[in-house]
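Chain letters run A, B, ... following the sequence lines, proteins first and then strands; every chain starts at 1.
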Protein chains: 2
Amino acid sequence: MARTQGSHSDITGPRIREAALRLFARQGYAAVSMRQIAAEVGVQAGALYNYIPDKQSLLFGLMKGHLDELLAARAAVVPADNAVDRLEEFTRFHIRFHHDRPDAVFIAYMELRNLTPENFARIESLRRQYENELEDILRQGVTEGVFDVPDTKVATMALIAMLTGVNTWFREGGRLSLPEVETIYWTMVRKSVAR
Amino acid sequence: MARTQGSHSDITGPRIREAALRLFARQGYAAVSMRQIAAEVGVQAGALYNYIPDKQSLLFGLMKGHLDELLAARAAVVPADNAVDRLEEFTRFHIRFHHDRPDAVFIAYMELRNLTPENFARIESLRRQYENELEDILRQGVTEGVFDVPDTKVATMALIAMLTGVNTWFREGGRLSLPEVETIYWTMVRKSVAR
DNA sequence: GTCTATAAGTGGATAGAC
DNA sequence: GTCTATCCACTTATAGAC
């Protein structure tokens, strides 16, 4: 990956972010050095500081980018008119979206404690926006009389944790395909909130 | 916490483990220095090496101790004779046990990547033993005809993730008591596997 | 069993040359 | 925009005094 001198402003920035994402996910933020990120990109450590003010901003940028992308993807969805269909769409979306970016998901959950308090608050606010859509779906279902949920806030946390857990065990090429896994989880989600 | 010289072999060992558990959970293994642990205990960094060979062994010992305790607690339970009661007992046990030791649970999930491959394999084997009991309960329920589960392996991972998630949001003194939370989760678990 | 001192190396971040 | 060189604080772990 070693390069000789030269200017590459338009490609080095994204490459720094990609390298940091991969390394932070595999080794953890605290265990990764700026020199290691630079080596992956093919520059010297000093060059990183043309793109980021410090290591903390690099971490925050990765987490914020991930959550912005998540919320943008939700904003692009046209909601079904009934709660059951909305919940199925949300379930399958969550599994697929998180499956497609395991490194970003891992970092967004594991490195929260390495954020400054201000950055932590901003990330948590974005995450809460996402969770609120699921709670909204559950409340709609209760109002429609198609769901029976003891507590919509608790059910939201329970379902999000269940769905995100797919990333901890699912591997491509195993016994089940991702659409099969989606269907199994949807069955369990549907029944858990059924009347 | 500063102390003057003296011998304290019988108390320093446990105090090192307690301090490391707390600090690793709050800041992460890689971000905590041996000096920091020593300062919490009230000794100099060099004294730690009378109790542990190195930092890695300290981490592994904490995780192994946690999982040994978990499996010992399960071994002490007399199983009910029907799958529904067994599953309710497992659900409430999991929530309570994990609630009682949030730092150990956090470390056991978050610091797996900081284990050497050999240590990682030993920890994963212990965790699988615990998960196997839940899958066994689900299979028993299917055999008895009281559960309808699309895939017992996937359902096991889904339910464990859901139950462990309680630790990420539940705080004592909030809107709900822990027994109330247990009951809400048991309702969702029961329905998700119901026939 | 704990201390002090130290070895040998790595950390994030900056300065100035090109 | 990237390089080399550097600052200095900090890292894990060990040696030997007490």
Please list, chain by chain and in numerical order, all residues satisfying salt bridge (Lys or Arg N to Asp or Glu O under 4.0 Å) with A/Arg122, sequence neighbours excluded.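 None.
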
Donor-acceptor contacts under 3.5 Å from residues 59-73 of chain A side chains, at least two apart:
from    : atom 1 : to       : atom 2 : distance (Å)
A/Lys64 : NZ     : A/Asp68  : OD1    : 3.3
A/Lys64 : NZ     : A/Asp68  : OD2    : 2.6
A/Glu69 : OE2    : A/Arg101 : NH2    : 3.0

By side chain to side chain contact (heavy atoms under 4.5 Å, CB included) - contacts of B/Glu182 (at least two apart): B/Arg92, B/Ile95, B/Arg96, B/Leu178

Contact string for nucleotides 9-15 of chain C, one letter per nucleotide 5' to 3', B = base within protein heavy-atom range under 4.0 Å, S = sugar-phosphate only, - = neither, reads --BBBB-

Return the set of residues passing ring pair (Phe, Tyr, Trp, His ring centres under 6.0 Å) with B/Tyr109 (not counting sequence neighbours), or none when no residue passes. none

Below the 4.0 Å mark, does C/dT2 have OP1 or OP2 next to a side-chain nitrogen or oxygen of B/Thr12? yes

So does A/Gln44 get a side-chain nitrogen or oxygen closer than 4.0 Å to the phosphate oxygens (OP1/OP2) of D/dT4? yes

How close or far is atom [atom2] of [N] from atom [atom1] of [X], stated in whole angstroms?
X       : N      : atom1 : atom2 : value
A/Leu48 : D/dG1  : CG    : P     : 13 Å
B/Tyr51 : D/dA13 : OH    : C1'   : 17 Å
A/Ile16 : D/dT2  : CD1   : C1'   : 11 Å

Mutual orientation of the aromatic rings belonging to B/Tyr29 and B/Phe24 [parallel < 30°, tilted 30-60°, perpendicular > 60°]: perpendicular

When A/Arg127, A/Arg74, A/Arg139 are each screened for salt bridge (charged side-chain N to carboxylate O under 4.0 Å, His left out) with A/Glu133, the one that passes is A/Arg74

Would you say A/Asp148's side chain and A/Val193's backbone share a donor-acceptor pair under 3.5 angstrom? no

Take the C1' atoms of the five end pairs on each side of the helix from C/dG1-D/dC18 to C/dC18-D/dG1, derive the two axes, and give their angle rounded to 10 degrees.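 Taking the rotation axis at each end, their angle is 0°.
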
Let me know which of B/Tyr185, B/Phe97, B/Tyr130 forms a ring pair (Phe, Tyr, Trp, His ring centres under 6.0 Å) with B/Phe90.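 It is B/Tyr130, the one option of B/Tyr185, B/Phe97, B/Tyr130 that forms the ring pair (Phe, Tyr, Trp, His ring centres under 6.0 Å) with B/Phe90.
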
